[in-house]
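Not measured: the values here are computed from a predicted model. What's counted below: heavy atoms across the whole structure, side chains too, no hydrogens, waters or symmetry copies. Just so we're on the same page: letters track the sequence lines, and every chain starts at 1.
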Amino acid sequence: MPGAHRGPSERVGSGKCLAKCMPELPEVETIREGLRDRLVGKRLINVENLSPKQLIGDVADAVGQTVKKIERQGKVLILNLRESSLLFHLKMTGQLILVENGEPELSGGHPVPKFGSEVPNKTTRIILRFSGQETLYFNDLRKFGWLKVLSTAEVKNEPLIKSLGPEPLSAGFTKPYLAERSAKKSGPIKGFLLDQTIIAGIGNIYADEALWYARIRPDRPAGSLNEAEVGRLYTATNKAIELGIKHRGTSFDSYVTIEGERGNYLHHAKAYHQTECARCKGPIEKKKIAGRTAHFCPRCQK
DNA sequence: CCCGGCGCCTGAGGGC
DNA sequence: TGCCCTCAGGCGCCGG
């Protein structure tokens, strides 16, 4: 990526807005890899907070410490500093943009650029400056996301982290596990896939994709799946997440890599925000399930 | 315990 | 032109 990270994210927001999307496991993993290559070994110099409700804990504790490791638990990104940890949840519209030689100060009263043009912009909520002239901008239009500062020893007891189930592609995620957890559940299988305490890291996009690959209707009660269907869902879930990581996340509205580039997974999406089924060419149906819009093929998915 | 529904938050887009 | 309504959805919380 030589040179690619030099400028601000002029590519952000350049496309037509199709819909809102959320960073899920593949998107956060892509961000993790990008940050790891440039922030490990750098020291946190200062933090400028423009959105008090989104910063939880005392960030002053972490200032001065060096970045040791960058991890991910489900959709949560964790910067392990020497003693403290910074936990980021991007929720719906969060972005992390890393810029070399970013704006030195925002609080000087200079006008904040419009959304989407460059960083910082009017969605910039928290600015973290590191040694080596690296500046990390936490943008979040809807302010659902957060940055939580904990001592590293406390991370494993953080309620959300503690409650996470196994991730797709991990050793704990197996067919028997899926079968056991889904049995006796009366709620829709779509909601089951979105439950972070059952499987960590799946959001609306990859849930629709996994169910399309598995040829299972999203409104089927989770407990109604037979053994063959559970087996297909297991394989399909891993496949959807694996493809998402391979394509560096979803090309969609607010999600961008740390260089401000869009991922390209959506070019490969089979159900999510599609109009035609890639398998049978029939129309993709939209339906509200478990409080979210599900996209599926009523002909292929039973 | 389990499930559904709401609030948080902002901007885009449609109807009139 | 401009106002009002709906929609987008991860997660915490509340109620049945």
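- Separating the CG atom of Asp195(A) from the P atom of dC1(B) is a distance of 13 Å, rounded to the nearest angstrom.
- Here Lys239(A) does not pair with Glu209(A) in a salt bridge; the nearest charged N to carboxylate O distance is not below 4.0 Å.
- Residues satisfying the ring pair (Phe, Tyr, Trp, His ring centres under 6.0 Å) test with Phe173(A), not counting sequence neighbours, are Tyr234(A).
- One can place NZ of Lys75(A) at 5 Å from P of dG10(C), the figure rounded to the nearest angstrom.
- Here dA8(C) presents its P atom at 13 Å from CD1 of Ile205(A), a figure rounded to the nearest Å.
- Remark: of the listed residues Ile78(A), Leu79(A), Leu96(A), Ile70(A), Ile70(A) is the sole one forming a side chain to side chain contact (heavy atoms under 4.5 Å, CB included) with Arg32(A).
- In terms of the side chain to side chain donor-acceptor pair (under 3.5 Å) criterion, Thr174(A) has no residue partners (sequence neighbours excluded).
- Between Gln54(A) atom CD and dG12(C) atom P the separation is 15 Å, expressed in whole Å.
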With a cut-off of 3.5 Å and sequence neighbours excluded, list every side-chain donor-acceptor pair involving residues 290-302 of chain A.
from, atom 1, to, atom 2, distance (Å)
Arg292(A), NH2, Ala290(A), O, 3.4
His295(A), ND1, Asp208(A), OD2, 2.8
Gln301(A), OE1, Cys297(A), N, 2.8
Gln301(A), NE2, Leu211(A), O, 3.2
Gln301(A), NE2, Ile216(A), O, 2.9
Lys302(A), NZ, Arg299(A), O, 3.0

Show each protein N/O and nucleotides 6-10 of chain B N/O combination with a separation under 3.5 Å, one pair to a line.
from, atom 1, to, atom 2, distance (Å)
dC9(B), OP1, Lys53(A), NZ, 2.4
dC9(B), O4', Arg142(A), O, 3.4
dT10(B), OP1, Lys143(A), NZ, 3.1
dT10(B), O2, Arg142(A), NE, 3.1

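- Phosphate contact (OP1/OP2 of dG10(C), side-chain N/O of Gln196(A), threshold under 4.0 Å): absent.
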Lys148(A) and Glu158(A): CA distance, side-chain angles, deciding distance, salt bridge (charged side-chain N to carboxylate O under 4.0 Å, His left out) verdict: CA-CA 10 Å; Lys148(A) 192 179 269 195; Glu158(A) 200 280 334; 2.6 Å; yes
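- For dC11(C), the OP1/OP2 oxygens have a side-chain nitrogen or oxygen of His89(A) closer than 4.0 Å.
- Residues Glu134(A) and Arg38(A) approach most closely at OE1-NH2, 2.8 Å, considering heavy atoms.
- Take Ser224(A) and apply the side chain to side chain donor-acceptor pair (under 3.5 Å) test, not counting sequence neighbours, and it matches Arg220(A).
- Applying the side chain to side chain donor-acceptor pair (under 3.5 Å) criterion to Ser84(A), with sequence neighbours excluded, gives Gln65(A).
- One can place CG of Leu87(A) at 13 Å from P of dC11(C), the figure rounded to the nearest angstrom.
- Taking every side-chain heavy atom of Leu160(A) into account, dG12(C) is the closest of dA8(C), dG12(C), dG10(C).
- Within the structure, salt bridge (Lys or Arg N to Asp or Glu O under 4.0 Å) pairs that include any residue of residues 61-89 of chain A comprise Glu29(A)-Arg72(A), Lys69(A)-Glu71(A), Arg72(A)-Glu167(A) (at least two apart or interchain).
- Listed by first and then second residue, the ring pair (Phe, Tyr, Trp, His ring centres under 6.0 Å) pairs that reach into residues 175-194 of chain A come to none, sequence neighbours excluded.
- Within the 4.0 angstrom heavy-atom criterion, only backbone atoms of the sugar-phosphate kind lie near Lys288(A); the bases stay farther away.
- Separating the CE atom of Met92(A) from the P atom of dG11(B) is a distance of 14 Å, rounded to the nearest angstrom.
- Two end axes, each from the C1' atoms of five base pairs, can be drawn for the helix from dC2(B)-dG16(C) to dC16(B)-dG2(C); they diverge by 50°, to 10 degrees.
- Across every non-hydrogen atom of Ile202(A) and Glu24(A), the tightest pair is C-OE1, 3.8 Å.
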What does the list of N/O pairs under 3.5 Å between the protein and nucleotides 14-16 of chain C look like, with a distance for each?
none

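- Considering only heavy atoms from C-beta on, Phe88(A) stays 4.5 Å or farther from Val28(A) through its side chain.
- Straight-line distance from the CG atom of Leu194(A) to the P atom of dA8(C): 14 Å, rounded to whole Å.
- Of the side-chain N and O atoms in Thr293(A), one or more sit less than 4.0 angstrom from OP1 or OP2 of dA8(C).
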What are the atom names and distances for every N/O pair under 3.5 Å that joins the protein to nucleotides 3-5 of chain B?
from, atom 1, to, atom 2, distance (Å)
dC3(B), OP1, Ser186(A), N, 2.9
dC3(B), OP1, Ser186(A), OG, 3.4

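- Whole-Å rounding puts the Leu164(A) CG to dC11(C) C1' distance at 12 Å.
- Sequence neighbours left out, the pairs with a member in residues 271-291 of chain A that pass salt bridge (Lys or Arg N to Asp or Glu O under 4.0 Å) are Asp219(A)-Lys287(A).
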